[in-house]
Amino acid sequence: MKIENPATIQWRFSERADQLQSSFIREILKITQQPEIISFAGGLPSPLTFPVDTMKAAFDKVLSENGKVALQYGPTDGYLPLRQWIADSLSTNDVKIVPEQVLMTSGSQQALDLLGKVLIDEGSRVLVETPSYLGALQAFSVYRPEFKSVETDEHGLVPSSLDKVAAGARLLYALPNFQNPTGRSLSVERRVELVETCARLGLPLIEDDPYGALSYKGAPAPKMVAMNPDGVIYMGSFSKVLTPGIRLGYVVAPLPLVRRLELAKQAADLHTSQLTQMVVYDVIKDGFLDQHIPKIRTLYGDQCQVMLDAMAQHFPSAVQWTKPEGGMFIWVTLPKHIDAMKLLDEAIAQKVAFVPGSPFYANEPETNTLRLSFVTVPPERIRAGIEILGKLITAKL
């Protein structure tokens, strides 16, 4: 029975809800669903890399052999064999990571949210790169921190700049490998300096590493968590090396912090899908990634080079861009007078899309920057799209 003439509900949203903002990239992706759009906007892995048949076989196997366990509730910290695999993969001759340090999450975005919930109070100082990953800025913003931008240069984060902004900071968030959005990577020397500086300052360092395996040269850089496991929080994901649709990430941290993160996760979703974790473990346990990841590197490396060659041909000399050696992104710096937001409107009118750089800045956005992703666009469309962008930019000089 339907109630007649109910009173109008006066929704009273929390202050936190009122400050929530949609991801600018997600809004652009709505436009780029149109097949005629040449989209350099999404940070999406290429569907050509998804091991569909392998995943299907693993689902069939897990459900056939252990379906009642796979379909049941699971432990909050995750499926132990998978956590052991992750711990072993991060351990070195000098450092032993144990599975108790590993918490499985529903994508690395949940890990960011849990870290924010556990480590950040309103007004807490949080250090981020300039620019930084938009998803992290969104996740942390919910907890109302005071963002402080850390100095960067063409080689990424500058460790020596931390002293002047680190006082009272709760954490430093960094992506050392093929950073989103710039594609830059920290040298081994800077990694060591960064870990040593954070240890001296007593500053927790979050090492977010979704792209580390995607080095076109095939030699991943050393992980900072192995340099100081008591002070570095490591975040990983299976989204870029298997498929993002499974929503499976993880965080590796010192035991006192992991326990707090586990309690926060219990309040969020109880546990990450047991079925998904068991399937992923079945896929990777015998070395599948050792054969699969080089195929991704080759595809992305080839398409990156196509885009770099097209930019060299069609972009005017006043434009600068990064030359990544891995990952999924190229960062472009336009002449100061060109607003990338306005350029986007013109580009979309000509069926090309990209992401303006402003949303990636916690403070003082640089409006003459933009991010290009090349991994989901075939070479001929890369060339066509870059030629269009080159003409639009040239017309503004």
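Here, residue 1 is the first one in the sequence, and each next residue gets the next number. As a basis for the values below, the full set of heavy atoms in this structure was taken, side chains included, without hydrogen atoms, waters or symmetry mates.
- Taking the six-membered ring where tryptophan is involved, the planes of Phe140 and Phe147 are tilted, since the angle between them lies from 30° to 60°.
- The two residues Met341 and Pro356 make their nearest non-hydrogen contact at SD-CG, 3.7 Å.
- Gln84 and Asp88 share a side-chain donor-acceptor pair at under 3.5 Å.
- Here the straight-line distance linking atom CD1 of Ile330 with atom CZ of Phe178 works out to 13.5 Å at 0.5 Å rounding.
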Does Arg190 form a side chain to side chain contact (heavy atoms under 4.5 Å, CB included) with Leu157? I'd like the steps, not just the answer. CA-CA 8 Å; Arg190 280 204 180 180; Leu157 187 151; 5.8 Å; no

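- Heavy-atom minimum distance, Pro324 versus Gly183: CB-O, 3.7 Å.
- A pairwise comparison of heavy atoms in Leu397 and Pro335 identifies CD2-CG, 3.6 Å as the closest pair.
- A donor-acceptor contact under 3.5 angstrom links the side chains of Ser106 and Asp269, judged on distance only.
- The environment of Asp153 atom CG is dense: over 12 non-hydrogen atoms of other residues, nucleotides or ligands sit within 6.0 angstrom.
- The two residues Phe329 and Gln179 make their nearest non-hydrogen contact at CD1-O, 4.3 Å.
- Within a 6.0 Å sphere centred on CD of Glu4, other residues, nucleotides and ligands contribute 12 heavy atoms or fewer.
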Should Glu193 and Ser160 be marked as a side chain to side chain contact (heavy atoms under 4.5 Å, CB included) after you check the CA-CA gap, both sets of side-chain angles, and the distance that decides it? CA-CA 8 Å; Glu193 183 183 359; Ser160 60; 3.9 Å; yes

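- Applying the 6.0 Å contact sphere to CD of Glu380 captures more than 12 heavy atoms from other residues, nucleotides or ligands.
- The nearest pair of heavy atoms linking Thr76 to Leu270 is OG1-O, 2.8 Å.
- No continuous path of ILVMFWY side-chain contacts below 4.5 Å connects Ile284 to Leu80, so the two sit in separate hydrophobic clusters.
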Full working for salt bridge (Lys or Arg N to Asp or Glu O under 4.0 Å) between Glu196 and Arg200: CA-CA 6 Å; Glu196 290 177 343; Arg200 172 173 56 80; over 6 Å; no

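- Between Asp113 and Tyr143, the side chains place a donor N or O and an acceptor N or O closer than 3.5 Å (distance only, hydrogens not considered).
- Under the 4.5 Å side-chain heavy-atom criterion for Ile, Leu, Val, Met, Phe, Trp and Tyr, Val279 and Leu71 are members of the same hydrophobic cluster.
- Other residues, nucleotides and ligands contribute more than 12 heavy atoms inside 6.0 Å of the CZ atom of Arg381.
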Could you walk me through whether Asp309 and Gln313 pass the side-chain hydrogen bond (donor to acceptor under 3.5 Å, both in side chains) test, one step at a time? CA-CA 6 Å; Asp309 290 345; Gln313 180 179 357; over 6 Å; no

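- The neighbour count for Gln320 CD, taken as heavy atoms of other residues, nucleotides or ligands under 6.0 Å away, does not exceed 12.
- Salt bridge annotation for Lys217-Glu325: present, with a cationic side-chain nitrogen under 4.0 angstrom from a carboxylate oxygen.
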Could you check His314 against Lys391 for side chain to side chain contact (heavy atoms under 4.5 Å, CB included), going step by step and ending with a plain yes or no? CA-CA 7 Å; His314 296 293; Lys391 290 178 179 177; over 6 Å; no

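- Distance check, rounded to the nearest 0.5 Å: CD1 of Ile233 to CG of Leu115 gives 5.5 Å.
- Here His271 contributes atom NE2 and Leu103 contributes atom CG; the two are 13.0 Å apart, rounded to the nearest 0.5 Å.
- For the ring pair (Phe, Tyr, Trp, His ring centres under 6.0 Å) with Trp321, the qualifying choice from Phe354, Phe315, Phe374, Trp331 is Phe315, the only one to do so.
- With rounding to the nearest 0.5 Å, the separation of CG in Leu203 from CG in Leu171 is 7.0 Å.
- Summarising the geometry, atom CZ belonging to Arg259 is positioned 12.5 Å from atom CD belonging to Glu100; distances are rounded to the nearest 0.5 Å.
- Between the side chain of Arg125 and the backbone N or O of Gly168, no donor-acceptor pair lies under 3.5 Å.
- Checked for salt-bridge contact, Glu346 and Lys396 meet the test: a charged N lies under 4.0 Å from a carboxylate O.
- Residues Leu263 and Tyr250 fall into different hydrophobic clusters, defined by Ile, Leu, Val, Met, Phe, Trp and Tyr side chains chained together at heavy-atom separations under 4.5 Å.
- One hydrophobic cluster holds both Leu48 and Tyr211 under the rule that ILVMFWY side chains link at heavy-atom gaps under 4.5 Å.
- Between Phe238 and Trp85, the ring planes lie tilted relative to each other; the angle falls in the 30° to 60° range.
- Remark: Glu129 CD to Asp208 CG distance equals 9.5 Å, nearest 0.5 Å.
- Here the options are Asp339, Thr367, Asn368, the test is side chain to side chain contact (heavy atoms under 4.5 Å, CB included), and the partner is Leu334; only Asn368 passes.
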Pair Thr54-Leu242, side chain to side chain contact (heavy atoms under 4.5 Å, CB included): steps then yes or no: CA-CA 10 Å; Thr54 301; Leu242 280 178; over 6 Å; no

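- For Glu262, the CD atom counts as densely surrounded, since its 6.0 Å shell holds more than 12 non-hydrogen atoms of other residues, nucleotides or ligands.
- Considering every non-hydrogen atom in both Ala199 and Asn228, the closest pair reads CB-ND2, 3.9 Å.
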side-chain hydrogen bond (donor to acceptor under 3.5 Å, both in side chains) assessment of Thr272 paired with Lys265: CA-CA 9 Å; Thr272 296; Lys265 182 173 170 61; 2.8 Å; yes

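- By the neighbour-count criterion of 12 heavy atoms within 6.0 Å, atom NZ of Lys285 is densely surrounded, having more than that number from other residues, nucleotides or ligands.
- When each of Leu127, Val165, Asn363 is tested with Ser149 by the rule side chain to side chain contact (heavy atoms under 4.5 Å, CB included), just one qualifies, namely Asn363.
- Cluster membership check: Ile206 shares its hydrophobic cluster with Leu137, using side-chain heavy-atom separations under 4.5 Å among Ile, Leu, Val, Met, Phe, Trp and Tyr.
- In this structure, Asn180 and Leu134 have side chains that are not in contact, with every pair of non-hydrogen atoms separated by 4.5 Å or more.
- No side-chain heavy atom of Lys295 sits under 4.5 Å from any side-chain heavy atom of Thr49.
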